[in-house]
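Below, each value reflects all heavy atoms present in this structure, side chains not excepted, and no hydrogens, waters or symmetry copies. Sequence lines set the chain letters: A, B, ... in the order given, protein chains first and strands last, and positions in each chain run from 1.
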Number of protein chains: 2
Amino acid sequence: MEPPAQARRVTIVDVAQHAQVSTTTVSKVLRNAYGTSAATREKVQRSIAALGYRPYAAARGMRGRTYTVGVMLPDIRNPFFPDILDGLTEALRETDYQVLLGPGGCNDEPAEARVTEAMIDRGMDGMVLIAPVSSRPHLERVARTVPTVVVGPHGNSAAYDTVSDDDTLGAALVVGHLVGLGHRRIAHIEHAESDPTRLADMPNAIRAEGYRRAMREHGLAEEIDIVSTTYTQEGGYLGARQLLERARRPTAVFAGADIVALGVLEALDEAGLSVPGDISVAGYDNTSLAALRPISLTSVDQAGRQIGAEAARLLLGRIADPGRGAAHVRLSPTLVARRSTAAAGG
Amino acid sequence: MEPPAQARRVTIVDVAQHAQVSTTTVSKVLRNAYGTSAATREKVQRSIAALGYRPYAAARGMRGRTYTVGVMLPDIRNPFFPDILDGLTEALRETDYQVLLGPGGCNDEPAEARVTEAMIDRGMDGMVLIAPVSSRPHLERVARTVPTVVVGPHGNSAAYDTVSDDDTLGAALVVGHLVGLGHRRIAHIEHAESDPTRLADMPNAIRAEGYRRAMREHGLAEEIDIVSTTYTQEGGYLGARQLLERARRPTAVFAGADIVALGVLEALDEAGLSVPGDISVAGYDNTSLAALRPISLTSVDQAGRQIGAEAARLLLGRIADPGRGAAHVRLSPTLVARRSTAAAGG
DNA sequence: CTGAAAGCGCTAACAA
DNA sequence: TTGTTAGCGCTTTCAG
């Protein structure tokens with residue numbers, strides 16, 4: 001009457017015995033490898049089902065693949081990431097690959113490095129790095145070790161594929177929208193990047209540059225007004241406070257991210273200003289937040305699912321042929337106008 | 001001038017050679033195992049650093065541990081989970097364990113099973129299942145295979161530890177708060193559970209029962225009014241629409257989750273009703289959403305970080321001693337009153 | 001088309 | 001305290 005202890009795991013050997021074949025054959029069936037007859041294949045599959053066998057990924061990883069792809073996501077709170085993940089997991093659902101997520105810190109480079117290292121140590125067959133803040137050399141080192149796709153505009157590296165959204169266009173969409181509503185004093189809140197080596201690569205810098213360019217193209221070079229804080233709710237709050245102290249207040253604020261826009265809304269509310277009556281506010285990312293009734297934020301939609309699906313496609317290709325040239329896919333965002341923006345001076 | 005190909009991974013053998021010791025010794029140093037002199041230990045550590053050696057988790061997993069704990073989270077969009085994760089990762093930061101997340105579907109039992117299986121296959125040393133919807137037998141099967149902690153009120157199983165919040169108390173806090181504000185017609189929106197086998201275990205059922213009990217205790221048994229939808233924004237929206245059609249409209253709505261409350265707010269807004277002027281609304285979970293100015297939702301705080309930290313503590317204990325008795329920790333929630341609730345009839 | 005055997009990197013008896 | 005050795009479960013040459 002002992003408790004049945006930790007039941008020993010069913011192994012490939014058990015399956016081989018049960019099916020009266022060699023372990024090699026079982027292995028081949030598992031991997032749909034070339035060189036097994038239909039009859040054998042079926043026999044083995046029956047044994048697998050009968051015994052409830054499941055391949056042990058760690059053991060597979062010692063020789064071949066782990067059938068696992070690691071996804072590093074820097075900030076689990078950012079509501080833009082789930083969409084990417086959905087696209088990713090859906091695209092991988094029909095494959096043998098399993099997605100595991102690594103929680104990177106928020107804008108925390110050491111934390112990111114820990115996660116990528118941990119994933120390499122755990123034999124990931126491929127990795128997707130979502131909006132990493134790590135330096136380019138680090139990314140390339142990772143990519144040289146394991147097939148890698150970076151989501152976000154991280155330059156035309158030959159070591160990894162990238163999927164990104166055209167943030168220059170996105171910024172132009174916002175500015176165009178606001179100009180169309182009659183706004184001229186349109187301010188922008190950006191995320192300040194301290195590390196100059198990667199400055200030009202980051203979405204925030206690109207959005208800010210897109211804002212500048214669009215303002216110039218609309219003949220509003222004089223009105224360019226950028227506040228540098230951070231892509232957080234607090235950053236938005238503090239940025240808005242700065243803007244409200246201006247002698248000439250902006251009539252519209254383009255926040256570099258939805259979460260920033262929320263902070264802006266908070267500051268405006270506190271100052272007794274109404275949106276969009278007194279000031280129009282636009283965000284970026286079209287997160288689920290933006291769609292909420294009481295917020296109803298005009299934003300830029302990055303088509304996260306599509307980004308994720310594209311990343312999955314690229315990664316599978318790269319796993320199949322690690323040596324192939326790098327692909328850099330750029331998707332176009334769309335503007336989603338909501339109630340937080342309205343005609344100027346209204 | 002060949003490209004340096006995939007540089008071979010540095011192994012324990014390389015370290016042993018470099019340090020002029022056996023692989024056993026290196027292995028011992030890695031695991032801080034008993035039986036190495038300080039001098040040897042230091043020598044080995046220098047070699048490890050010099051060669052940039054990192055243990056290969058898959059290989060470790062074949063014999064001992066992978067130093068990986070798997071966290072299954074059912075719905076990455078639920079803003080309550082990041083807090084739990086924070087508590088969890090922080091508690092594990094100083095250990096050798098790495099956290100990897102498995103994306104379960106939303107209320108999708110097969111998806112959950114896939115993730116737990118995948119984690120077992122990948123040799124996780126322990127697992128934390130956050131608010132699983134899987135059946136009790138499945139959970140016990142998992143727990144029998146690998147040390148497991150379940151976050152959520154999933155009964156007093158002897159096979160796994162649980163950390164949960166006292167939802168009965170939480171519901172009572174909300175009802176008490178509303179009654180204190182003079183409300184009597186207090187309705188509740190719950191998540192309908194179809195599977196009867198786990199009905200009593202789920203938080204939604206407990207919250208609903210807590211609501212019922214609290215109403216009775218306040219002498220409001222007659223006013224008990226429960227709408228069954230789902231714990232989603234849409235569920236809240238639809239639930240509120242039903243409530244608005246009542247002959248005697250409730251003056252307060254207790255939504256079983258913040259996300260549900262958002263749907264309620266949307267429906268009320270659409271109906272031209274003001275909050276809290278016409279109707280008070282309370283949620284549950286005190287997610288970051290609730291704190292947002294334009295929402296400012298009264299809610300119940302579950303102390304997610306604390307839950308996560310507790311789960312980590314229990315899991316480490318269970319990994320160290322898988323046979324030890326199951327612990328069931330219950331934490332007390334607190335009420336966070338915000339602007340979405342106010343005196344009745346005001 | 002199938003199987004025997006070597007070995008991936010590491011840990012855990014057991015000896016020395 | 002240290003080293004030798006035998007695997008963990010699987011994939012992969014290489015013969016049959």
Novice: Mind checking which nucleotides bracket the chain B contacts on DNA chain D, 5' to 3', with an atom under 4.0 Å from a heavy atom?
Specialist: D/dT1 to D/dG9
Novice: Tell me which residues in residues 43-50 of chain A put a heavy atom below 4.0 Å from DNA chain D, sorted by number, or none.
Specialist: none
Novice: If we ignore angles and hydrogens, is there a donor and acceptor under 3.5 Å between the side chains of B/Ser134 and B/Glu112?
Specialist: yes
Novice: Protein within reach of the bases, or only the backbone? For nucleotides 7-16 of chain C, mark each nucleotide 5' to 3' as B, S or -, using heavy atoms under 4.0 Å.
Specialist: BBBBBBB---
Novice: Restricting to pairs with a member in residues 113-142 of chain A, which pass ring-ring contact (aromatic ring centres under 6.0 Å, His included), not counting sequence neighbours?
Specialist: none
Novice: Taking atom types as modelled, is there a side-chain donor on A/Arg31 or A/Ser27 under 3.5 Å from an acceptor on the other?
Specialist: yes
Novice: Please check if the side chain of A/Asp125 supplies one atom and the backbone of A/Thr66 the other of a donor-acceptor pair under 3.5 Å.
Specialist: yes
Novice: Who are the ring pair (Phe, Tyr, Trp, His ring centres under 6.0 Å) partners of A/Tyr67, not counting sequence neighbours?
Specialist: A/Tyr97
Novice: For A/Arg122, check side-chain hydrogen bond (donor to acceptor under 3.5 Å, both in side chains) against everything at least two apart and list the hits.
Specialist: B/Thr68
Novice: Any idea which heavy atoms bring A/Ser164 and A/Pro153 closest together, and the distance?
Specialist: CB-N, 3.6 Å
Novice: Heavy atoms, side chains only, cut-off 4.5 Å: are B/Val163 and B/Gln306 in contact?
Specialist: no
Novice: Nearest 0.5 Å, what's the CG-OG1 distance between A/Leu316 and A/Thr95?
Specialist: 6.0 Å
Novice: Which residue is it: B/Val71, B/Asp75, B/Ile76? I am looking for the one with a side-chain contact (heavy atoms from CB on, under 4.5 Å) to B/Phe81.
Specialist: B/Asp75
